[in-house]
Amino acid sequence: MIKRFGTKRAKLLKRRLVEFAAANALEELRNLPKARCHELKGNRKGQLSVDLDYPYRLIFEPANNPIPKKLDGGLDWTKVTIIKIIGVEDTHE
């Protein structure tokens, strides 16, 4: 990771991966300091991100089958227990 992303981003990425592994459900990541875990919009609908070092984010999507939904059709964060990592990106490009 250090070779590809540099020391700072690799350290933050490793921290986020450890946080994901420790969580019982995606909902637990909402309150992590400086994570800003949130759903993406537009052509990235269905994906989520957490902050690394600005402007880079770790992009992922729920991988439960089926994807847990609330009655209103929104993502049920309390039931997402599996994710698929998409990559590390600047989503503002």
Exercise for the section: For the residue pair Arg15 and Lys34, establish whether any side-chain heavy-atom pair is separated by less than 4.5 Å. Expected result: no
Exercise for the section: Check whether any side-chain heavy atom of Val50 sits under 4.5 Å from a side-chain heavy atom of Phe60, and report yes or no. Expected result: yes
Exercise for the section: State yes or no: do Ile82 and Ile67 share one hydrophobic cluster built from I, L, V, M, F, W and Y residues joined by side-chain heavy-atom distances below 4.5 Å, directly or via other members? Expected result: no
Problem - Close side-chain approach of Ile85 to Leu17, heavy-atom, < 4.5 Å - result: yes
Practice task
With the side chain counted from C-beta on, respond yes when Asp51 and Tyr56 share a heavy-atom pair under 4.5 Å apart, and no when they do not.
Solution key: no
Exercise for the section: Quick one: list whatever passes side-chain hydrogen bond (donor to acceptor under 3.5 Å, both in side chains) with Asn24, sequence neighbours left out. Expected result: Glu28
Exercise for the section: Compare all side-chain heavy atoms of Val80 with those of Leu48 and state whether any distance is below 4.5 angstrom. Expected result: no
Practice task
Of all the heavy-atom pairs spanning Gly46 and Pro62, show the shortest one and how long it is.
Solution key: O-CD, 3.4 Å
Handout entry: Residues, nucleotides or ligands: over 12 heavy atoms within 6.0 Å of Lys69 NZ
Key = yes
Problem - Distance-minimising heavy-atom pair for His38 and Arg36 - result: ND1-O, 2.6 Å
Exercise for the section: Drop me the distance from Glu89's CD to Arg57's CZ, to the nearest 0.5 angstrom. Expected result: 11.0 Å
Practice task
Can you run down the salt bridge (charged side-chain N to carboxylate O under 4.0 Å, His left out) pairs that involve residues 3-12, sequence neighbours left out, and say none if there aren't any?
Solution key: Arg9-Asp53
Exercise for the section: Write out all pairs satisfying side-chain hydrogen bond (donor to acceptor under 3.5 Å, both in side chains) with one or both partners inside residues 70-85, taking only residues at least two apart or from two chains. Expected result: Glu39-Trp77, Asn64-Thr81, Asp76-Thr78
Handout entry: Hydrophobic cluster partners of Leu40 (side-chain heavy atoms under 4.5 Å)
Key = Ile59, Ile86
Problem - salt bridge (Lys or Arg N to Asp or Glu O under 4.0 Å) assessment of Lys45 paired with Glu61 - result: CA-CA 10 Å; Lys45 185 175 174 131; Glu61 60 189 21; over 6 Å; no
Completion exercise
Hits for ring-ring contact (aromatic ring centres under 6.0 Å, His included) against Phe5, two or more places apart or cross-chain, chain-then-number order -> none
Problem - Inter-residue atom distance Leu58.CG - Leu52.CG, 0.5 Å rounding - result: 5.5 Å
Exercise for the section: Check the hydrophobic clustering (I, L, V, M, F, W, Y; side-chain heavy atoms under 4.5 Å; chains of links allowed) and say if Leu12 and Ile2 are grouped together. Expected result: no
Practice task
Applying side chain to side chain contact (heavy atoms under 4.5 Å, CB included), name anything that partners Ala25, two or more places apart in sequence or on another chain.
Solution key: none
Handout entry: Cys37 vs Leu32 side-chain heavy atoms within contact, under 4.5 Å
Key = no
